[in-house]
Amino acid sequence: MFELMFCSLLTILPDYLYRRYRQGKRFGKEITFFSVWYELRWGITGCLMLTISLITMIFYFHPTTDAATLYYRTVPILPEGSGRVEDVKVTFSQSVKKGDVLFTLDSSKQKAALETAKRKSAEIDATLIAAQSDVVKAEAQIQEAKANYQQAKDELDVKSELQSRNPGIVPQRDIDKLKVLVDQRQAGIDAAAAAKQTAILQVSTLLPAQKASAEAALDQAQVDLDKTTIRAGVDGRVEQFLLRPGDLVAQIMRPAGLLIPDGAGKSGLQAGFGQIEAGVLKEGMVAEAACISKPWVIIPMVITSVQDYIAAGQFQVGQQLIEAQNGPKPGTILAFLEPLYKNGLDGVTPGSSCIVNAYTSNHEEISAAHTSTGRAIALHVVDGVGLVHALLLRIQALLMPIKTLVLSGH
């Protein structure tokens, strides 16, 4: 409409002024709608075509959208386990720091498990001390068995020597008994050595493994106990937090509340542009934003990235084939914008709706030596009409409070 009025000022108004004040013709007599149309039919038609072309050029090369929002992340407040609330440490809409306790769950079961793990670890320590004593005891038994063996061996050697010098002086039965006794004492040595090896294995391998398992169980019990204390993961503000002692909370149920991190929605803005502008939107494009929560202010922005896919095209594998005509409405090209200057979004409430204009710039191509004169002029026109869109954004920012507070029936 603005473009049509602007073009009309260059055709209809000069003609009317000339006929009215130069030729003395009167409106309603010599000057009628028919006479104006007859005299200016080619100019009006050309003006209409020029207006349509101008509007198309402006909206294509300098895209705009009112689907822009300062999205921000919220952190659900959920315990890693489940249980009944024992104590609540914060109130509704309270600021918290990372690590602050939000609420605690009943921890009697976890405390009992922790105490059991501690006693198991102490029991293994006692068993390890006893096993070390068994090693000393086995060593003494080995020495005793060796002494008994040596005694039997010496007696056998003596009687065998006497028998060899004077046959018959020592009964053969006594010698046989001594041989059996020597073998028996040797078996005692072997048994004592095996007992010592078993005790050593207890001390060096089995009991340390059991100790490690007990310590792991102790650590797990401590972790389970710590999970009953729910803490803030980031600095922020607690919202929709209405827990009371005795409430049952679990991951599969509703969150206990939401934690909104500090600075959420202050770093950037996300805008959805029409699909036809996919070839125009580029990283590094300059843009401007006007937000309803900060009226009468134009915020310089820059496009930092453009999502190279459209969310409306996603699907989940199901039992039925996709039918295109039953799909969702056409989606948008999502662009991520950041303020051109530091603290540019100060004063804009996170989640606020905004209007965004992006501006095509062909300065580098115009300045290139290989660019022809005709193309340079055309690119100058493309860049120049962005001024019209910038003016429209400022008019929208000016009328935004009036439209919201007056014309919407507020």
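All heavy atoms count here, side chains included; hydrogens, waters and symmetry mates do not.
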Between [X] and [Y] (side chain of the first, backbone of the second, donor and acceptor by atom type, cut-off under 3.5 Å), is there such a pair?
X    : Y    : result
D247 : V85  : no
T404 : P401 : no
Q270 : Y71  : yes
S213 : A209 : yes
R84  : G246 : yes

Closest non-hydrogen atom pair, [X] against [Y]:
X    : Y    : answer
A335 : I303 : CB-CG2, 4.4 Å
V90  : V88  : O-CG1, 3.3 Å
C354 : L269 : SG-CD1, 3.7 Å
Q314 : A311 : CG-O, 3.0 Å
G344 : I299 : O-CG2, 3.6 Å
S352 : I292 : OG-CG2, 3.6 Å

inquiry  = Could you go through E288 and R394, starting from their C-alpha distance and side-chain angles, then the distance that decides it, and tell me whether this counts as side chain to side chain contact (heavy atoms under 4.5 Å, CB included)?
reply    = CA-CA 10 Å; E288 292 180 327; R394 282 151 178 80; 2.8 Å; yes
Residue pairs meeting ring-ring contact (aromatic ring centres under 6.0 Å, His included), one or both in residues 277-301, sequence neighbours left out, come to none
Rounded to the nearest 0.5 Å, what separates atom [atom1] in [X] from atom [atom2] in [Y]?
X    : Y    : atom1 : atom2 : value
L345 : L337 : CG    : CG    : 9.5 Å
F103 : I230 : CZ    : CD1   : 4.0 Å
Q240 : T74  : CD    : OG1   : 9.0 Å
Y309 : I333 : OH    : CD1   : 11.0 Å
K294 : T349 : NZ    : OG1   : 10.0 Å
L70  : S267 : CG    : OG    : 8.5 Å

Candidate pair Q220 and D224, rule side chain to side chain contact (heavy atoms under 4.5 Å, CB included), full reasoning
CA-CA 6 Å; Q220 182 62 48; D224 292 340; 3.0 Å; yes
Is there a side-chain contact between [X] and [Y], using heavy atoms and a 4.5 Å cut-off?
X    : Y    : value
L105 : V249 : yes
I52  : M49  : no
M301 : P339 : yes
L242 : F92  : yes
L258 : F241 : no
K227 : P79  : no
V234 : K98  : no
M400 : I355 : yes

Q: Tell me, with the steps shown, if S133 and K137 meet side chain to side chain contact (heavy atoms under 4.5 Å, CB included).
A: CA-CA 6 Å; S133 300; K137 179 181 178 181; over 6 Å; no
Worksheet item: Yes or no on side chain to side chain donor-acceptor pair (under 3.5 Å) for S93 and E239, after CA distance, side-chain angles and deciding distance?
Response: CA-CA 5 Å; S93 192; E239 297 291 349; 3.1 Å; yes
Could you list the donor-acceptor pairs under 3.5 angstrom formed by side chains in residues 274-285, with sequence neighbours left out?
from : atom 1 : to   : atom 2 : distance (Å)
Q275 : NE2    : G331 : O      : 3.0
E277 : OE1    : G274 : N      : 3.1

Test side chain to side chain donor-acceptor pair (under 3.5 Å) on D87 and T104 and set out the steps.
CA-CA 5 Å; D87 190 17; T104 58; 4.9 Å; no
- Check whether more than 12 heavy atoms from other residues, nucleotides or ligands sit under 6.0 Å from atom NZ of K211, and answer yes or no. yes
Using side chain to side chain contact (heavy atoms under 4.5 Å, CB included), reason through R231 and V96 one step at a time and then give a plain yes or no. CA-CA 10 Å; R231 302 177 181 272; V96 295; over 6 Å; no
Side chains of Q94 and T91: any donor to acceptor distance under 3.5 Å?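 There is such a pair between these side chains.
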Salt bridge R119-E115, side-chain N to carboxylate O under 4.0 Å
yes
Listed pairs under 3.5 Å, donor-acceptor, residues 375-393 side chains, sequence neighbours left out:
from : atom 1 : to   : atom 2 : distance (Å)
R375 : NE     : E365 : OE2    : 2.6
R375 : NH2    : E365 : OE2    : 2.8
D383 : OD1    : N362 : N      : 3.4
D383 : OD1    : N362 : ND2    : 2.9
D383 : OD2    : N362 : N      : 3.1
H389 : ND1    : H62  : O      : 2.6

